[in-house]
Amino acid sequence: MTNPQHTDIAIIGGGPAGLQAALTAGRVRREATLFDDGTYRNATVSHMHNVLTHDGTPPADFRAAARAELTAYDTVSVREQRVARVERDGAGFRLTLTSGETMTAYAVVLATGVRDELPPVPGLQEVWGDLAAQCPFCHGFEFAGQRIGILGAAAAPHLSALLGPVAGELLVLDEDQDLPEGATLAVPRVAARVTAVERHDGGLRLALDDGSSEDVAVLFVVPTLHQSAPFADQLGLERNPSGAVRIDEFGRTSVPGVLAGGDLAHLPAYPMPMASVVQASAAGQIAGNSAIAHLLTRD
Ligand SMILES: Cc1cc2nc3c(=O)[nH]c(=O)nc-3n(C[C@H](O)[C@H](O)[C@H](O)COP(=O)(O)OP(=O)(O)OC[C@H]3O[C@@H](n4cnc5c(N)ncnc54)[C@H](O)[C@@H]3O)c2cc1C
């Protein structure tokens, strides 16, 4: 009989990384429990893009389809619960849920993603994922030929180079930031700060601190990324300079038996997480494979 307080693989996260890790475990009939507390990075996005065969699919539909597929696998369970703590427990791990319940696991896949801290501009949070975004691959094409704003001079050379072929016109709002050393920019710049963002005529009106305003179709911003969950700290995992969990090519963290994939982790060769649904799914598959490889060392 299965012990209800034990799972061979605990997968924390029900975004593309965790869902794919669960599918991978199910394919070879490994017992896995996926925990999902319902806080997805792309929660405010109505249609995701740059996802082959799902270009334009609502992220919620994508997750629902993945959940439906998982029901075919009798060794995989999904629990809509929040994990509060992960710690080592002998050769394995102990999870404590916010309900107080505990569960042991031989391997843990961390797929908890990141939380975006936006620049503190009033109104920005309300349009995040809709008329404000961070990734030209996800969000630019729908605004082709229109006036596109970039908030902050520091990221403007990179973003304007990517958005150049998309935008009809680009505008950089400096936000008191300097261009990176040695960089030049052949794009109009506004030295004032943005004090508020509001919807206007299908796009955005940006109020500036000199009393004027600028209208754009969409605004690109650079959020600060934070780990969504405390498990990297609790387990003492090594980090990259970006703050993300350091993994190797097999999704292994610095603690044997703890795998990671998706936005919370990346290879040291990368400057930051390669954040996308496809990349997260691929990383979840690798982490799932490595969790099984870890079990094989115990079988
Ligand atoms: C505005 C915006 C638009 C985007 N648009 C696109 C796009 O068009 N195309 C694209 O490819 N990518 C897009 N992305 C990026 C994409 O959303 C991420 O790369 C992807 O969601 C990462 O997947 P993940 O599985 O790592 O994390 P997430 O999808 O964020 O999932 C994290 C999971 O962990 C769970 N979790 C966290 N903590 C706990 C806990 N303590 N206990 C239990 N569960 C927990 C959450 O509930 C959630 O299920 C966008 C991102 C943003 C911010």
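Fair warning: this is a prediction, and the values are worked out from it, not measured in the lab. Quick note: residue numbers are just sequence positions, from 1.
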Side chain T98, main chain A84, donor-acceptor under 3.5 Å: no
CA sep, side-chain torsions, deciding dist, call: Q81, M103, side-chain contact (heavy atoms from CB on, under 4.5 Å): CA-CA 12 Å; Q81 282 188 290; M103 181 176 264; over 6 Å; no
Salt-bridge present (D36, R67; N to O < 4.0 Å): yes
Side-chain touch V255/R88, heavy atoms, less than 4.5 angstrom: yes
Gap between atom CZ of R30 and atom CG of L295 - 0.5 Å precision: 5.0 Å
Side-chain donor or acceptor of D201 paired with backbone N/O of G203 under 3.5 Å: no
Path from I150 to L204 over hydrophobic side-chain contacts below 4.5 Å: yes
NZ/NE/NH1/NH2 to OD/OE distance under 4.0 Å, R189 and D174: yes
CE (M272) with more than 12 external heavy atoms under 6.0 Å: no
Shared hydrophobic cluster for V172 and L208 (ILVMFWY, side-chain gaps under 4.5 Å): yes
Atom CG of L52: over 12 foreign heavy atoms under 6.0 Å: no
Other residues, nucleotides, ligands: >12 heavy atoms within 6.0 Å of H158 NE2: no
E214 with R147: basic N within carboxylate O range, under 4.0 Å: yes
Closest non-hydrogen atom pair, A265 against A260: CB-CB, 3.9 Å
Nearest-0.5 Å distance, CD1 of residue I247 to CD1 of residue I286: 7.5 Å
A10 backbone acceptor or donor facing T7 side chain under 3.5 Å: no
Min side-chain heavy-atom separation E142-H47 under 4.5 Å: no
P273 and L225, any side-chain heavy atoms less than 4.5 Å apart: yes
Stepwise side-chain contact (heavy atoms from CB on, under 4.5 Å) test for T253 and F231: CA-CA 12 Å; T253 70; F231 311 130; over 6 Å; no
Hphob cluster co-occupancy, F35 + I9, side-chain heavy atoms under 4.5 angstrom: no
Joint cluster assignment, V127 & L163, ILVMFWY side-chain distance < 4.5 Å: yes
side-chain contact (heavy atoms from CB on, under 4.5 Å), paired with L219, selected from L131, L124, V194: L124
Donor-acceptor pair, side chain of D263 and main chain of V114, under 3.5 angstrom: no
Polar side-chain atom of E249 near backbone of L267 as donor-acceptor pair, under 3.5 Å: no
Nearest non-hydrogen partners of V76 and A22, listed with the distance: CG2-O, 3.5 Å
Rounded distance [0.5 Å steps], CZ in F141 versus NE2 in H49: 9.5 Å
S290 (side chain) donor-acceptor with F250 (main chain) under 3.5 angstrom: yes
Working for side-chain contact (heavy atoms from CB on, under 4.5 Å), residues L70 and L23: CA-CA 6 Å; L70 288 179; L23 181 59; 3.9 Å; yes
Within-4.5 Å side-chain heavy-atom neighbours: V245 and V258: no
Any S160 side-chain heavy atom under 4.5 Å of L185 side chain: yes
I292 side, atom CD1; R29 side, atom CZ - distance, nearest 0.5 Å: 13.0 Å
From CZ (R94) to OG1 (T102), nearest 0.5 Å: 5.0 Å
Single-linkage hydrophobic cluster, 4.5 Å side-chain cutoff, V83 and Y40 together: no
Side chain to side chain, L259 and V108, heavy atoms closer than 4.5 Å: no
Closest contact, heavy atoms only, R82 versus S228: NH2-O, 4.5 Å
Within 6.0 Å of CD in E117, more than 12 heavy atoms from elsewhere: yes
Interatomic distance, Y270 atom OH to Q279 atom CD [nearest 0.5 angstrom]: 6.5 Å
Residue that, paired with V78, satisfies side-chain contact (heavy atoms from CB on, under 4.5 Å) out of L19, T33, I11, L34: L34
Side-chain donor or acceptor of Q177 paired with backbone N/O of A154 under 3.5 Å: yes
Residue among V216, L206, L151 satisfying side-chain contact (heavy atoms from CB on, under 4.5 Å) with V197: L206
Under 3.5 Å: donor-acceptor pair, side chain of D8, backbone of A32: no
Heavy-atom pair with the smallest gap, counting every atom of H266 and A244: CD2-CB, 3.4 Å
Distance-only polar pair, side chains of S281 and Q285, donor-acceptor under 3.5 Å: no
Closest non-hydrogen atom pair between D116 and P223, with its separation: OD1-CG, 3.3 Å
Enclosure of R298 CZ (heavy-atom neighbours >12, cutoff 6.0 Å): yes
Donor-acceptor pair between N240 and S242 side chains, under 3.5 angstrom: no
Contacts of type ring pair (Phe, Tyr, Trp, His ring centres under 6.0 Å), residue Y106, not counting sequence neighbours: H6
Mutual orientation of the aromatic rings belonging to H139 and F143 [parallel < 30°, tilted 30-60°, perpendicular > 60°]: parallel
Evaluation steps, side-chain contact (heavy atoms from CB on, under 4.5 Å), between R193 and E175: CA-CA 5 Å; R193 287 185 75 93; E175 294 294 284; 3.9 Å; yes
